[in-house]
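Below, each value reflects all heavy atoms present in this structure, side chains not excepted, and no hydrogens, waters or symmetry copies.
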Amino acid sequence: MSEANWYVVHTYSGYENKVKANIEKTIENRKLQEQILEVTVPMQDVVEMKNGSKKQVQKKLFPGYVLINMVMNDDTWYVVRNTRGVTGFVGPGSKPVPLTEEEMKPLGIKAPKVVVDFGVGDTVTVTGGVWENTVGEIKKIDHHKQMVTINVDMFGRETPVEISFTEVKKMDF
């Protein structure tokens, strides 16, 4: 599978949130969660003066644009490009150009990827959060969400729990 990158999609002004919702619904309907990872409308907090009083509101950082973290292929391009309200990808002609790491940094969107040394079936200890010091066997790993699913013993029953990569440590036997 190719690597996912962030792309900028141009929309009709005022349609950013509608485009985001439509793409997310299409991802769910067509089961594209592994290819289109995240859709975001960057927002910023702004203080406005209205009738002599200050009010903090959220404004779109880039009106008319939506950011999408996706694996670019014919299917994902078609889904995004043919979403109602989308006028096209940002890039020369019809070829989308991914954002560089330098362009993404000021937006604070991309979280660093965590490299893990464990796999499904390994026994891990939870190092933080509510389940701290709990030992469990990994049943599922989601690299996109950076989460593992382990079974914990709760009231005498095996219960699946999702925990962040950063809060588990492989047990050495």
Worksheet item: Can you tell me how far the CG atom of N82 sits from the OG1 atom of T26, to the nearest 0.5 Å?
Response: 10.0 Å
Response to the item:
CG of N22 to CG of N17, rounded to nearest 0.5 Å, is 11.0 Å
Worksheet entry | Positive for side chain to side chain contact (heavy atoms under 4.5 Å, CB included) with K169, one of V124, T127, V126 | T127
Item to complete: Check V161 against W131 and note the closest heavy-atom contact, atom names and distance.
Response: CG1-NE1, 3.3 Å
Worksheet entry | Matching residue for V66 among E16, K60, K18, H10 - test: side chain to side chain contact (heavy atoms under 4.5 Å, CB included) | E16
Discussion item. On a heavy-atom basis, which atom in V120 and which in K139 lie closest, and how many Å separate them?
Written reply: CG1-O, 3.7 Å
Worksheet entry | Non-hydrogen side-chain atoms of Y65 and V90 separated by less than 4.5 Å | yes
Practice prompt. For the pair F89 and W77, name the ring-plane relationship: parallel under 30°, tilted 30 to 60°, perpendicular over 60°.
Written response: parallel
Response to the item:
Taking every heavy atom of V19 against every heavy atom of R84, the minimum-distance pair comes out as CG2-O, 3.6 Å
Worksheet item: Is there side-chain contact between I27 and V79, with at least one heavy-atom pair below 4.5 Å?
Response: no
Discussion item. I need the W6 CH2 to L67 CG distance, nearest 0.5 Å.
Written reply: 6.5 Å
Item to complete: May I ask you to test the T134-T125 pair for a side-chain heavy-atom distance under 4.5 Å?
Response: no
Worksheet item: Rounded to the nearest 0.5 Å, how far apart are OG1 of T83 and CD of E24?
Response: 11.0 Å
Worksheet item: Is the shortest heavy-atom distance from the side chain of I150 to the side chain of I163 under 4.5 Å?
Response: yes
Item to complete: Would you mind reporting whether Y12 and T87 have side-chain heavy atoms less than 4.5 Å apart?
Response: yes
Discussion item. For P96 versus M72, what's the shortest heavy-atom pair and its separation?
Written reply: CG-CE, 3.6 Å
Worksheet entry | Trace of the side-chain hydrogen bond (donor to acceptor under 3.5 Å, both in side chains) decision for T76 with N73 | CA-CA 6 Å; T76 56; N73 59 38; 3.1 Å; yes
Item to complete: Determine whether I141 and F118 make a side-chain contact, defined as any pair of heavy atoms from C-beta on separated by less than 4.5 Å.
Response: yes
Worksheet entry | Least distance between heavy atoms, N151 atom then E158 atom | CB-OE1, 3.0 Å
Worksheet item: Under the side-chain contact (heavy atoms from CB on, under 4.5 Å) test, which residues partner K140, sequence neighbours left out?
Response: T149
Worksheet item: In terms of hydrophobic clusters joined by side-chain contacts under 4.5 Å, are F62 and V46 together?
Response: no
Worksheet item: Taking all non-hydrogen atoms of both residues, which atom of V47 and which atom of K54 are closest, and how far apart?
Response: CG1-CB, 4.0 Å
Worksheet entry | Straight-line distance of T123 OG1 to E137 CD, nearest 0.5 Å | 5.5 Å
Worksheet item: Taking the side chain as C-beta and beyond, is there a heavy-atom pair between V80 and M70 under 4.5 Å?
Response: yes
Discussion item. Can you confirm whether more than 12 heavy atoms, excluding those of E28, are under 6.0 Å from its CD atom?
Written reply: no
Worksheet item: So do V41 and M43 actually touch side chain to side chain, heavy atoms under 4.5 Å?
Response: yes
Fill in: D74, CG: over 12 other non-hydrogen atoms inside 6.0 angstrom
no
